[in-house]
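Residues: numbered from 1 along the sequence shown. In this text the structure is predicted, and so the values were computed from the model without any measurement.
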Amino acid sequence: MLIDAIRSLLSGGSVSGEAILMQIVATLFVIFCILPLHEYAHGWMAERLGDHTARAAGRLTLNPLASLDPFGALFLLLFGFGWAKPVPVNPWNFKKPKRDMAITALAGPVSNLLAALVGAIVYYALLLTVLPNVPVAVFLGVHSFFNAYIIINVGLAVFNLLPVPPLDGSRIVSAFLSDRAMNAYYRYQNVIVMVLFLLLFSGVLDRPLNIAQNAALDGILWLAGLPFQLFGLL
């Protein structure tokens, strides 16, 4: 997170300019390539389940301009969590609205985890082929990029799975709530969002989020390294 680097500088600490640059590059890549994929995954899954609202709205696309939310992009650059313009979904077009809405919501975080997995596989492949023969500065730059890219994607997946409206996790939880409980759940959405941001900025959620992110990250790295381990390359 750039905010951490800024805080470190203001407190007299030191930061690596190369690491910050690669983090910015990785974040911009996520903003323009992965956040659109996240939203596309929602729309694609909704369409598979019978809702064509995203396609009708022109949002079943990987065009980053269709999904770009300036504030969400800024938050991702500064704080490590952010968002894109949500793809429109009409749950009443589903055969089973609660279940299918939950599946549609889950598709977004899954896309981030898959993006992180692909990134980890590419990094391991480069580590075994190209990177041993490049200058140290290039090696460190590539390492910093993939490290930031993988962590950002895992962080986005975990963040979006929080059971808080309007995050994807709330749609998943709603599948297990009665209609009355679900209506009450969303009635106080604005208050819940403000409380969430307060908890995030106060650092109260840092420990539980870090535990979840580290567990997911360990799983992604294990899966990415498994094919190489099977062939004795790692």
Side-chain angles (χ1 to χ4, degrees), residues 27-116 152-177 179 182-201 205 209 212:
T27 304
L28 290 175
F29 184 83
V30 170
I31 289 171
F32 289 102
C33 297
I34 306 303
L35 288 184
L37 176 65
H38 178 109
E39 295 304 323
Y40 180 88
H42 287 312
W44 180 87
M45 184 59 71
E47 182 153 283
R48 300 283 81 74
L49 295 171
D51 175 42
H52 306 289
T53 304
R55 182 178 294 280
R59 291 296 310 281
L60 197 62
T61 175
L62 292 173
N63 182 354
L65 297 181
S67 300
L68 183 64
D69 183 298
F71 286 107
L74 180 62
F75 266 69
L76 188 58
L77 275 167
L78 289 175
F79 304 108
F81 64 90
W83 57 89
K85 291 180 182 177
V87 165
V89 175
N90 185 353
W92 300 114
N93 289 328
F94 295 139
K95 292 181 179 179
K96 296 184 177 182
K98 284 187 178 182
R99 183 204 66 182
D100 294 347
M101 190 66 211
I103 295 173
T104 298
L106 184 61
V110 168
S111 72
N112 286 114
L113 293 175
L114 289 176
I152 291 170
N153 271 293
V154 171
L156 284 173
V158 171
F159 175 71
N160 275 287
L161 286 172
L162 290 174
V164 177
L167 299 179
D168 296 330
S170 68
R171 308 293 182 183
I172 298 170
V173 170
S174 295
F176 303 96
L177 299 177
D179 290 341
M182 186 172 65
N183 290 335
Y185 189 47
Y186 285 102
R187 186 181 306 132
Y188 301 103
Q189 175 174 320
N190 292 336
V191 175
I192 294 173
V193 169
M194 287 190 290
V195 171
L196 172 63
F197 275 92
L198 179 63
L199 293 175
L200 285 170
F201 288 123
L205 292 180
L209 284 177

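For Asn183, there are no side-chain hydrogen bond (donor to acceptor under 3.5 Å, both in side chains) partners two or more places apart in sequence or in a different chain. Ala107 meets the side-chain contact (heavy atoms from CB on, under 4.5 Å) test with Ala41, Met45; sequence neighbours excluded. Scanning for side-chain contact (heavy atoms from CB on, under 4.5 Å) contacts around Leu199 gives Val195, Val204, Leu205, with sequence neighbours left out. Among residues two or more places apart in sequence or in another chain, the ring-ring contact (aromatic ring centres under 6.0 Å, His included) test is passed with Phe176 by none. In this view, Arg99 and Lys96, Ile103 satisfy the side-chain contact (heavy atoms from CB on, under 4.5 Å) rule, not counting sequence neighbours.
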N/O donor-acceptor pairs under 3.5 Å from side chains in residues 154-171, not counting sequence neighbours:
unit_1	atom_1	unit_2	atom_2	d
Asn160	ND2	Leu156	O	2.9
Asp168	OD1	His42	NE2	3.3
Asp168	OD2	His38	NE2	3.2
Asp168	OD2	His42	NE2	3.3
Ser170	OG	Leu167	O	2.6
Ser170	OG	Tyr186	OH	3.3

Give every donor-acceptor pair under 3.5 Å between a side-chain atom in residues 56-72 and any protein atom, sequence neighbours left out.
unit_1	atom_1	unit_2	atom_2	d
Arg59	NE	Ala66	O	3.3
Arg59	NH1	Pro86	O	3.2
Arg59	NH2	Ser67	OG	3.3
Arg59	NH2	Lys85	O	2.8
Thr61	OG1	Asn63	N	3.0
Asn63	OD1	Leu65	N	3.0
Asp69	OD1	Phe71	N	3.0
Asp69	OD1	Gly72	N	2.9
Asp69	OD1	Trp83	NE1	3.4

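Under the salt bridge (charged side-chain N to carboxylate O under 4.0 Å, His left out) criterion, the residue pairs touching residues 46-56 are Glu47-Arg55, with sequence neighbours excluded.
Taking each heavy atom of Val30 and Pro36 in turn, the nearest pair found is O-CD, 4.2 Å. Val87 and Ala54 get closest at one heavy-atom pair: CG1-CB, 3.3 Å.
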Legend entry - Worked check of side-chain contact (heavy atoms from CB on, under 4.5 Å) between Val89 and Thr53: CA-CA 6 Å; Val89 175; Thr53 304; 5.8 Å; no

Legend entry - Candidate pair Leu200 and Leu209, rule side-chain contact (heavy atoms from CB on, under 4.5 Å), full reasoning: CA-CA 10 Å; Leu200 285 170; Leu209 284 177; 3.7 Å; yes

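Between atom CG of residue Leu77 and atom CG of residue Leu28 there is a gap of 5.5 Å, rounded to the nearest 0.5 Å. Note that the CZ atom of Phe79 and the CG atom of Leu76 stand 11.0 Å from one another [nearest 0.5 Å]. Here OG1 of Thr27 is found 11.5 Å from CG of Leu74. Values are rounded to the nearest 0.5 Å. From Leu37, atom CG reaches atom CZ of Phe32 across 15.5 Å, with rounding to the nearest 0.5 Å.
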